[in-house]
> 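Following this message is one structure expressed as structure tokens.
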Protein chains: 2
Amino acid sequence: MNLPPLTQAFVLHFGEMGSRWGISRTVGQIYALLFLAEQPLNADDITEKLGFSRSNVSMGLKELSSWRLVKLQHKPGDRREYFSTPEDIWEIVRILAEERRKREIDPTLSMLRQALVETPATEDERHAQARMAEMHGLIELVTRWSEDIQKLETQTLIQLLEVGSKVQKVFEIKDRLKVVAGGKSRRRAKSEGPADV
Amino acid sequence: MNLPPLTQAFVLHFGEMGSRWGISRTVGQIYALLFLAEQPLNADDITEKLGFSRSNVSMGLKELSSWRLVKLQHKPGDRREYFSTPEDIWEIVRILAEERRKREIDPTLSMLRQALVETPATEDERHAQARMAEMHGLIELVTRWSEDIQKLETQTLIQLLEVGSKVQKVFEIKDRLKVVAGGKSRRRAKSEGPADV
DNA sequence: ACGAACTTTCAGGAATTTCTGAAAATTAGG
DNA sequence: CCTAATTTTCAGAAATTCCTGAAAGTTCGT
């Protein structure tokens with residue numbers, strides 16, 4: 001490996017992190033390197049800097065492309081392919097969220113939906129189905145929220161994250177106003193117990 | 001494997017999903033089984049239902065305990081240990097988020113902080129460091145938001161997720177009011193370009 | 001349509017992770 | 001303390017995943 005120290009620490013760290021996720025150490029390192037690079041890199045640059053085989057780099061880039069995590073571009077007068085990551089780091093988060101939804105959430109939801117239309121044969125299966133219904137509701141809720149949030153511009157999203165749960169206050173005030181005004185006040189759910197999601 | 005069909009589909013699915021994440025197929029299956037079970041199960045129950053070795057179940061339960069994903073309890077007059085998952089599925093999400101933060105986010109943040117106090121030797125390293133600063137900012141923002149949100153009661157959290165990005169409207173209205181009133185209107189950041197996170 | 005430059009594929013070896021059975025350790029009750 | 005029930009550990013077998021070199025494939029300029 002042939003990298004300046006700061007870069008090297010980062011690359012190694014994301015290699016390890018990668019292998020905790022579904023991706024291999026190599027793929028993690030390639031991505032980390034591209035993320036830090038000011039200029040797009042070609043496969044030979046990567047091979048040279050990270051010190052594994054050319055074919056491994058090729059496979060890694062292919063996997064990263066399938067995740068839409070790298071952009072491919074060409075330089076005039078150079079036949080080689082150059083790779084880079086999106087400039088806007090929030091864009092990266094968006095892409096990751098979308099791809100994970102496609103690969104993990106959607107299949108899970110469809111498995112759950114399938115299970116929910118079956119008729120449970122025993123008391124055990126009845127309970128299992130109820131549990132799956134809870135999980136289905138949770139996933140749907142979170143997924144909808146996240147799709148919704150993804151549409152926001154980066155700046156708006158940041159604003160929203162910054163206020164965090166303080167938004168809660170707004171609801172409290174809103175509800176109080178409605179009550180005072182004597183309008184159809186929406187009952188605030190307060191009960192504990194299992195969520196009826 | 002010795003399970004009713006609905007349960008089996010779910011267990012197999014989470015086995016596969018588990019192996020896409022950092023956990024092994026077996027651990028995923030054990031957790032899925034416990035999640036669906038109405039009553040706490042002991043290690044022999046699990047061995048019998050899933051059909052792998054007793055020692056593997058023991059290791060799996062140990063790993064799940066280290067993630068705080070299973071609760072251990074005892075039945076009177078029975079020496080064996082019984083395992084279950086939290087009733088409230090949102091509690092599970094909270095625990096998962098906390099543990100992942102501890103294992104993945106915190107080490108990453110400390111690596112990044114370390115890198116950010118170094119003095120870059122070259123232009124490349126300067127750029128790499130700037131990229132790391134961006135990532136650091138993003139992670140901090142998201143982590144703070146998520147810690148903040150985790151403190152809410154389950155019901156309030158669900159409410160918040162349900163409104164999703166519609167909250168944005170509240171800000172727009174608030175800002176407009178301030179402008180109309182001629183008060184110190186907080187400038188709404190609108191610029192594109194790299195986020196100064 | 002040929003050859004050079006570059007990229008991809010893929011069989012199989014290397015490395016890592018997962019799983020098992022046997023043995024050791026722990027614990028509760030007598 | 002001893003014993004039997006139960007859980008844990010761990011060395012190595014089995015399975016899986018990762019990586020490489022060699023060969024095949026693609027593409028562009030001439």
Side-chain angles (χ1 to χ4, degrees), chain A residues 1-2 11-12 14-34 40-67 69-84 103, chain B residues 1-2 11-12 14-34 40-67 69-84 103:
Chain A
M1 188 168 300
N2 182 14
V11 164
L12 290 177
F14 275 86
E16 295 315 314
M17 278 307 167
S19 61
R20 288 211 192 179
W21 273 39
I23 67 174
S24 75
R25 192 185 331 295
T26 349
V27 174
Q29 291 190 7
I30 295 174
Y31 195 73
L33 184 65
L34 289 173
L41 303 176
N42 64 46
D44 289 320
D45 292 339
I46 299 172
T47 305
E48 192 253 326
K49 280 177 203 278
L50 296 181
F52 30 71
S53 76
R54 183 57 234 284
S55 58
N56 200 358
V57 170
S58 176
M59 305 278 248
L61 288 169
K62 194 181 161 195
E63 178 165 358
L64 289 171
S65 302
S66 84
W67 280 84
L69 284 171
V70 293
K71 287 189 297 187
L72 173 59
Q73 52 214 115
H74 283 280
K75 293 199 177 181
D78 186 340
R79 257 175 71 186
R80 288 170 298 179
E81 299 181 310
Y82 284 79
F83 296 88
S84 62
R103 291 159 194 246
Chain B
M1 189 170 295
N2 183 13
V11 163
L12 291 178
F14 275 86
E16 295 316 313
M17 278 307 167
S19 61
R20 288 212 192 178
W21 273 41
I23 68 174
S24 74
R25 191 184 332 290
T26 346
V27 174
Q29 291 190 7
I30 295 174
Y31 195 73
L33 184 66
L34 289 173
L41 302 177
N42 65 45
D44 288 320
D45 292 339
I46 298 172
T47 304
E48 192 253 325
K49 282 178 203 277
L50 296 181
F52 31 71
S53 76
R54 184 52 234 280
S55 59
N56 200 358
V57 170
S58 177
M59 305 277 249
L61 288 169
K62 194 181 162 194
E63 178 165 359
L64 288 171
S65 302
S66 84
W67 281 85
L69 284 172
V70 293
K71 287 188 298 188
L72 174 59
Q73 47 213 118
H74 283 280
K75 293 199 177 181
D78 186 340
R79 255 174 75 185
R80 289 170 298 179
E81 298 181 309
Y82 285 79
F83 296 88
S84 62
R103 291 159 194 245

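The structure presented is a predicted model; accordingly, all values stated were derived computationally and were not measured. Letters go in sequence order (proteins before strands), and every chain restarts at 1.
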> Is it the case that over 12 heavy atoms from other parts of the model lie below 6.0 angstrom from the NZ atom of B/K75?
yes

> Kindly state which residues belonging to residues 42-53 of chain B come within less than 4.0 angstrom of DNA chain D, counting heavy atoms of the residue only, listed by number.
none

> Please confirm whether the shortest side-chain N or O distance from B/K62 to OP1 or OP2 of D/dT7 is below 4.0 Å.
no

> Find the distance A/I30:CD1 to D/dC19:C1' and express it as a whole number of Å.
11 Å

> With a 4.0 Å cutoff (strictly under), does any side-chain N or O of B/R54 reach OP1 or OP2 of C/dT20?
no

> Are the side chain of B/R80 and the backbone N or O of B/D44 linked by a donor-acceptor pair below 3.5 Å?
no

> Remember a base hit wins even if backbone is also touched, and classify A/R80 as base, sugar-phosphate or nothing at under 4.0 Å, heavy atoms.
sugar-phosphate

> Please state how far atom CG in B/L61 lies from atom P in D/dT6, giving the value in whole angstrom units.
16 Å

> Grab the CG-C1' distance between B/N56 and D/dA15 for me, whole Å please.
13 Å

> I want to verify a distance call: between D/dC10, C/dT9, D/dA4, whose nearest atom is closest to the B/S55 side chain?
D/dC10

> List the steps, then state whether side-chain contact (heavy atoms from CB on, under 4.5 Å) holds for B/F52 with B/I30.
CA-CA 10 Å; B/F52 31 71; B/I30 295 174; 4.2 Å; yes

> Tell me which residues in residues 18-28 of chain A put a heavy atom below 4.0 Å from DNA chain D, sorted by number, or none.
A/S24, A/T26

> To the nearest angstrom, how far is A/E63 atom CD from C/dT8 atom C1'?
15 Å

> In whole Å, I'd like the distance from the CZ atom of A/F83 to the C1' atom of C/dC6.
11 Å

> Of the nucleotides C/dT8, D/dT7, D/dC28, which one has an atom closest to the side chain of B/E81?
D/dT7

> Looking at B/S58, does any N or O in its side chain come under 4.0 Å of the phosphate oxygens OP1/OP2 on D/dT8?
yes

> Mind calculating the distance between CE (B/M59) and C1' (C/dG21) to the nearest angstrom?
12 Å

> Whole angstrom is fine here: how far is it from CG in B/L64 over to P in D/dT8?
13 Å

> With nearest nucleotides of DNA chain D determined for A/R79 and A/V57 from heavy-atom distances, which residue corresponds to the more 5′ nucleotide?
A/V57

> Among A/Q73, A/K71, A/H74, which residue meets the side-chain contact (heavy atoms from CB on, under 4.5 Å) test with A/Y82?
A/Q73

> Under 4.5 Å between any side-chain heavy atoms of B/L61 and B/L34, yes or no?
yes

> Distance check needed: D/dT27 P versus A/H74 NE2, whole Å only.
10 Å

> What I'd like to find out is whether the side chain of B/M1 reaches to under 4.5 Å of the side chain of B/K49, using heavy atoms alone.
no

> Looking only at heavy atoms, what is the nearest atom pair of A/V70 and A/S65, with distance?
CG2-OG, 3.7 Å

> Taking the side chain as every heavy atom from C-beta outward, state whether A/M59 and A/S53 have any pair of such atoms under 4.5 Å apart.
no

> Hey, are the side chains of A/L33 and A/L50 touching, using non-hydrogen atoms and a 4.5 Å cut-off?
yes

> Do A/E81 and A/N42 make a side-chain contact, defined as non-hydrogen atoms from C-beta onward lying under 4.5 Å apart?
no

